[in-house]
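Scope of the values below: all heavy atoms of this structure, side chains included, with no hydrogens, waters or symmetry mates. The sequence lines fix the lettering, A, B, ..., with proteins before strands; numbering per chain opens at 1.
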Protein chains: 4
Amino acid sequence: MNKKSIVLQTTLELITKQGIRATSLSQIIKESGVANGTVYHHFKNKEEIITELYLMLTQDFGTVVMRNVPEDDIKKQFSIMWLNLFHYFVNNPLAFVFSEQIARSPEIPQSLKDKARQYYGEIENYFKTGIRKKVFKSYNSMVMEELFFGNVVSLVKIHENEKVKLLDKHINQAIEISWKGFLRD
Amino acid sequence: MNKKSIVLQTTLELITKQGIRATSLSQIIKESGVANGTVYHHFKNKEEIITELYLMLTQDFGTVVMRNVPEDDIKKQFSIMWLNLFHYFVNNPLAFVFSEQIARSPEIPQSLKDKARQYYGEIENYFKTGIRKKVFKSYNSMVMEELFFGNVVSLVKIHENEKVKLLDKHINQAIEISWKGFLRD
Amino acid sequence: MNKKSIVLQTTLELITKQGIRATSLSQIIKESGVANGTVYHHFKNKEEIITELYLMLTQDFGTVVMRNVPEDDIKKQFSIMWLNLFHYFVNNPLAFVFSEQIARSPEIPQSLKDKARQYYGEIENYFKTGIRKKVFKSYNSMVMEELFFGNVVSLVKIHENEKVKLLDKHINQAIEISWKGFLRD
Amino acid sequence: MNKKSIVLQTTLELITKQGIRATSLSQIIKESGVANGTVYHHFKNKEEIITELYLMLTQDFGTVVMRNVPEDDIKKQFSIMWLNLFHYFVNNPLAFVFSEQIARSPEIPQSLKDKARQYYGEIENYFKTGIRKKVFKSYNSMVMEELFFGNVVSLVKIHENEKVKLLDKHINQAIEISWKGFLRD
DNA sequence: TATGAATGAGCATTCATTCAT
DNA sequence: AATGAATGAATGCTCATTCAT
């Protein structure tokens with residue numbers, strides 16, 4: 001494992017723990033046991049570390065969400081997508097942090113935000129298909145996506161909070177609530 | 001308007017624009033035109049400014065959410081609560097930022113987070129009543145609250161994004177989706 | 001003597017010894033015994049220290065050159081001006097360094113360079129008068145000024161070199177050479 | 001063109017543009033497209049690049065100044081030498097920068113400075129001959145050289161300044177002024 | 001001959017905070 | 001109540017240089 005990877009990995013961990021702004025380069029350097037200049041040999045500046053990290057994490061985002069999604073059953077598709085996203089965030093806290101911070105933080109350049117947006121393309125397609133098939137009511141697709149996404153996020157937040165033990169039962173309830181909202185009456 | 005208020009107001013604006021971590025005391029001082037020491041005369045440290053700001057913003061949170069909520073009609077209650085929360089966030093971006101950052105950021109002490117939690121008491125009651133009245137299915141109440149809350153947040157985010165013009169139509173769709181999810185079949 | 005003056009004085013000495021670029025802020029801080037942040041309390045950045053120093057040094061430049069210059073005798077005027085400039089540079093090495101570096105160095109903003117230029121106004125007038133009085137041949141006045149100035153600089157350089165002891169005799173020779181060059185045949 | 005030459009050439013250009021101190025090795029490396037270590041393969045350190053460059057530029061200095069200088073006519077000799085030097089500096093800005101910086105900058109070792117000095121030997125001889133032939137007044141020869149040299153430099157500076165268009169007329173005036181100063185009355 | 005990873009001292013600057021007035 | 005001089009740790013970054021390949 002070369003120094004560059006070490007830096008990336010360390011940064012990943014620190015940001016996950018503390019957020020982007022709270023993570024200083026000095027901390028990254030100290031934690032990773034790499035020399036000051038070494039970081040700058042591999043990265044142009046601090047932002048580039050974060051950008052690279054972000055790209056690493058999001059590049060497989062689209063495929064992750066669609067993993068094991070069956071061909072036909074639109075309801076099953078919903079559950080699987082929902083859980084895929086949920087587990088992805090739970091297992092990739094940084095990806096979650098990034099997703100949450102994307103809208104606001106100026107640290108993440110617009111180009112990246114746009115790139116992230118495109119990963120949702122598959123989700124958008126899903127909802128449009130659902131509407132065409134008369135399963136979902138014909139709501140605005142951006143609203144649908146955002147609510148779907150937000151529902152997953154809400155559950156991840158409960159999970160993260162750690163004060164409450166999140167059970168499978170709760171997750172299934174959330175999926176059910178989420179699903180029902182979009183249905184045609 | 002005394003110096004203390006000026007500092008609070010300036011901080012409010014800066015945090016809204018840039019987030020908590022990105023807002024430095026020097027910036028607050030420069031922007032507010034107040035002297036270095038004056039800030040420290042009124043506040044013990046930077047954290048105290050934020051805490052005080054947070055308390056200012058959230059103290060009327062509970063009443064805001066319940067404003068104009070009718071006695072009987074549970075569906076109308078839902079819409080009004082939903083919109084109250086939505087408009088509150090749209091008009092108080094800092095409150096929104098805080099809400100979003102509460103879960104994660106270590107800058108906000110746990111005591112405050114707990115305090116914030118209690119404001120949701122009214123919402124919790126609402127859902128419990130709804131379940132008792134057999135309008136809502138008996139989901140876990142924390143899940144319900146969090147999803148309700150998250151749905152509002154999702155819409156605020158669309159609104160904030162500014163790329164898309166959020167119309168009343170979209171808001172009504174969101175409320176409908178949100179409401180349907182919780183219903184008994 | 002307040003901290004700001006100490007910083008200015010220390011910087012003056014260091015730049016005189018080492019040149020502008022060779023003088024680091026850390027050095028200024030160490031040498032002046034002032035805290036890091038104190039410097040930045042008084043100056044916006046390193047450039048501002050240099051600018052302020054430069055203005056301090058050059059503001060009396062014009063009057064210095066014309067000090068004790070007699071009314072009538074154009075030859076005596078020449079000698080006095082020449083010596084005024086010479087001694088000014090010898091006694092204000094930084095002013096000399098600055099003068100030398102003005103043309104090239106990008107550290108000194110154009111606005112300052114222009115300001116410096118205007119101090120030469122008196123010298124320009126002197127030569128124009130001399131031409132009108134048929135004492136000097138009618139050379140281009142910028143050429144005359146620049147050569148006059150350059151002659152002084154040449155002698156200061158010999159003086160600075162320290163390898164050769166510069167005697168009054170040499171200075172007088174230089175003034176004579178300088179004077180004769182401009183004369184009408 | 002091998003890597004070593006590329007490095008030298010790039011350094012030459014950068015120093016000409018920015019001065020010695022402002023030119024960093026990293027810049028040289030970036031600009032020349034040569035690898036980090038390659039520079040250190042060819043040069044012991046940064047100073048050696050500059051030294052080598054300096055020697056390259058000055059080695060033909062003596063011959064340049066004396067190029068096409070006629071045998072007899074002492075006045076014609078003066079003009080030619082003057083113009084040779086002028087054009088040399090105008091065409092070799094780095095040589096000019098070096099000449100200007102020689103006296104002060106500690107980056108250039110004394111040994112080099114002495115070496116440069118010796119190139120002026122021919123000029124020294126010229127003036128001594130002139131004095132012997134009773135054309136020049138018997139001024140100190142170092143003073144004469146330095147003023148001669150300084151006069152050329154003054155014109156180069158006007159030329160460099162670019163604000164004023166330097167015409168042949170001006171150059172001829174400068175040569176005339178320069179020449180007249182040294183003459184026996 | 002040429003490469004580029006690695007280093008750590010040093011740089012200019014920003015930060016939250018203290019304290020005398 | 002209000003000021004602003006003073007502090008020094010910390011930040012992001014550049015530098016010249018070393019070394020194994």
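The heavy-atom pair separating V34(A) from I29(A) by the smallest distance is O-CG2, 3.1 Å. Taking both residues in full, the closest heavy atoms of M56(C) and L8(C) are given as SD-CD1, 3.8 Å, listed atom of the first, atom of the second, then distance.
Nearest-nucleotide positions on DNA chain E for N45(B) and N2(A) put N2(A) closer to the 5' end. Both G33(A) and G37(C) sit near DNA chain E, but only G33(A) has its closest nucleotide nearer the 5' end. Comparing H42(C) and S24(A) against DNA chain F, the residue whose closest nucleotide sits nearer the 5' end is H42(C).
Going from atom CD of E48(B) over to atom C1' of dA16(E) covers 14 Å, rounded to whole Å. If you measure from atom OH of Y40(B) to atom P of dC15(E), you get 12 Å, rounded to the nearest angstrom. Across the protein-nucleic acid pair, K30(C) atom NZ and dG10(E) atom C1' stand 9 Å apart, rounded to whole Å. The distance from atom CZ of F43(A) to atom P of dA6(E) is 11 Å, rounded to the nearest whole Å. Atom CZ in R21(C) sits about 19 Å away from atom P in dG10(E), given to the nearest Å. In this entry the distance linking CD1 of I29(A) with P of dT14(F) reads 12 Å, nearest Å. The NZ atom of K4(C) sits 14 Å away from the P atom of dG4(F) (whole-angstrom rounding). Rounded to an integer number of Å, the gap from CD of Q18(D) to P of dT14(F) is 15 Å.
Pair assignment for dT17(F): dA6(E), on the basis of Watson-Crick or G-U wobble contacts that are both within less than 3.5 Å.
Listed nucleotides dT3(F), dG10(E), dA5(E) differ in distance to N36(A); the shortest reach to its side chain belongs to dG10(E). The A35(A) side chain lies nearest to dG8(E) when the options are dT13(E), dG8(E), dA16(E).
Under the 4.0 Å criterion applied to side-chain N and carboxylate O atoms, K4(B) and E52(B) are assigned as salt-bridge partners.
Remark: L57(B) CG to Y88(B) OH distance equals 5.5 Å, nearest 0.5 Å. Distance check, rounded to the nearest 0.5 Å: CZ of F43(B) to OG1 of T11(B) gives 7.0 Å.
Backbone-only contact: K3(A) has heavy atoms under 4.0 Å from sugar-phosphate atoms and none from a base. Base engagement by T38(A) is indicated by at least one non-hydrogen atom pair under 4.0 Å involving a base atom. If you check every strand for non-hydrogen atoms under 4.0 Å, S26(C) touches sugar and phosphate atoms only.
For H41(D), a side-chain nitrogen or oxygen approaches OP1 or OP2 of dT1(E) to under 4.0 Å.
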